[in-house]
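Encoded as structure tokens, the structure appears first; notes follow it.
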Amino acid sequence: MDEIGNVDYSTKIPNNVGLSEDRQVLRALEAWHPGFVDWWRQMGPDGFQDSQVYLRTAVSVDPKGWAKFDYVRMPDYRWGILLASKEESRKIPFGRHYGEDAWQQVPGEYRAMLRRLVVIQGDTEPASVEQQRHLGKTAPSLYDLRNVFQVNVEEARHLWAMVYLLHKYFGRDGREEAKQLLQRRSGSVDKPRMLGAFNEATPDWLSFHMFTFFTDRDGKMQLESLAQSGFDPLSRTCRFMLTEEAHHMFVGETGIGRTLQRTCEAMRHAGVENPNDIDKVRSLGVIDLPTMQKKLNLHYSLSLDLFGSEVSTNAANAFSCGIKGRFHETKIDDDHKLEHSTYPVLKLVDGRIKRVDEPALTAINMRLRDDYTNDCQRGLDRWNKIIEKSGVAFRLELPHVAFHRQIGEFRDLKVSPGGQVLDNAAWKAGNDKWLPSTADGDFIQSLMKPVTEPGQFATWIAPPRVGIDNKPGDFEYVKVAP
Ligand SMILES: [Fe+2]
Ligand SMILES: [Fe+2]
């Protein structure tokens, strides 16, 4: 067996799960493979399939050795099945099975619930590749071009991760679900992806960076709670996916940070003091800060919908059964069963939004969403530091969680970013101030001119402080012509 680190590259599908001794699953995955390649060709990045891209590939799952950088054509990327190392005698860390041995097989009574969670997670992975497929043509630099491709190949690997679980643990219906993961399409009318935010378009690079900051961060929270699962193979899969996910959020956070930096620099340079003088700021070829705030409002609110209803018996069940835990479950100081505790949930009471104590079990989604909001806020604090340092008087803020929602407690309400419940007229009047308008979208689109000269960047975004893999500023991250 030809092994690099602990990943077996001798089979067509690199893996550290002993596929060469698991003939049945190997055959099922090999049968699924051609459909995956077809999907990648059809729905993966538009163009650039013959370009050499400087990508990292996992060659081992241990913390030091998993990222190896080299030029590779995207269709030749070694999508593999990689699980974090097994923790000996791991115990289920929450729910009514608390303290029992983690399951190495799917418990029969939880099979349907587990399969559904794996399918929902699996569906988001190819969806984001589909949403981002046109971005290559307008990349602001080769550095950014490489980053979107890195995110794309890794999301495709996450699809492999979920498809492995389906094939290995869910028999015939798992194979059927795996097939359907290649058939749904983001934004399709007849066969859409399962979750709303994954059917929205990602029309420009600002949307992409907002998406990787806000929506990939929802992914992180979901993976963190599944990483706690009593079903050990799911836990191990998610733990490794989280190491890749961190890079996606880095791309989003630094992408927005560089955009803010460039806007503020241009304003200072041109002596524009008022951040709300939108026409003047836009004439500098950069994105004005109020538009950044509107994009943030949109992507944050769409991502909040991914957490589902604040109060949910499904979430309570998944927790009680030991299938899906809380963020940092093992670090929380409580009984991990929650049968007698409460959690404050935001609700509409007599026309006002208030916190009301609910049984903690049914409030699991609300709690995860709160953890998400705190995580987002830390990113915003770092963005605000960039603005503050430049001397421009402007602050980005997360809108109220009731703003612009389609799912949960606030879905039928009109609420301002400040948290005020509004009538229709007031909502209509404020709409263009709070969410990107068609004109805003057109302006952003007008800046999306591709830059393919090594070391050069579009007008609207600053270069990164450090290169990927510590490469110098003029490194050719993508050799566009094969
Ligand atoms: Fe992912
Ligand atoms: Fe991601």
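Values reported hereafter were calculated over all heavy atoms of this structure, with side chains retained and with hydrogens, waters and symmetry mates removed. Both ligands and their constituent atoms are indexed starting at 1 by order of listing. Note that the numbering runs from 1 along the sequence shown for the chain.
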- Can you check salt bridge (charged side-chain N to carboxylate O under 4.0 Å, His left out) on E130 and R133, steps first, answer last? CA-CA 5 Å; E130 293 163 4; R133 67 184 303 262; over 6 Å; no
- Item | Matching residue for R239 among E87, E244, E224 - test: salt bridge (Lys or Arg N to Asp or Glu O under 4.0 Å) | E87
- Could you note down all residue pairs passing side-chain hydrogen bond (donor to acceptor under 3.5 Å, both in side chains) where residues 454-469 supplies at least one of them, sequence neighbours left out? Y54-D469
- Note on the structure: So side-chain hydrogen bond (donor to acceptor under 3.5 Å, both in side chains) across residues 196-219, not counting sequence neighbours, yields T138-W205, D204-S207, S207-K295, T215-S303, D216-H248, R217-D375, D218-Q222
- Message: Please determine whether a side-chain nitrogen of the Lys or Arg among R157 and E154 lies less than 4.0 Å from a carboxylate oxygen of the Asp or Glu.
- Response: no
- Query: With Y343, which residues qualify under ring pair (Phe, Tyr, Trp, His ring centres under 6.0 Å), at least two apart?
  - Reply: none
- What are the protein N, O or S atoms, given as residue plus atom name, that sit under 2.8 Å from the Fe ion (ligand 1)? E125 OE1, E155 OE1, H158 ND1
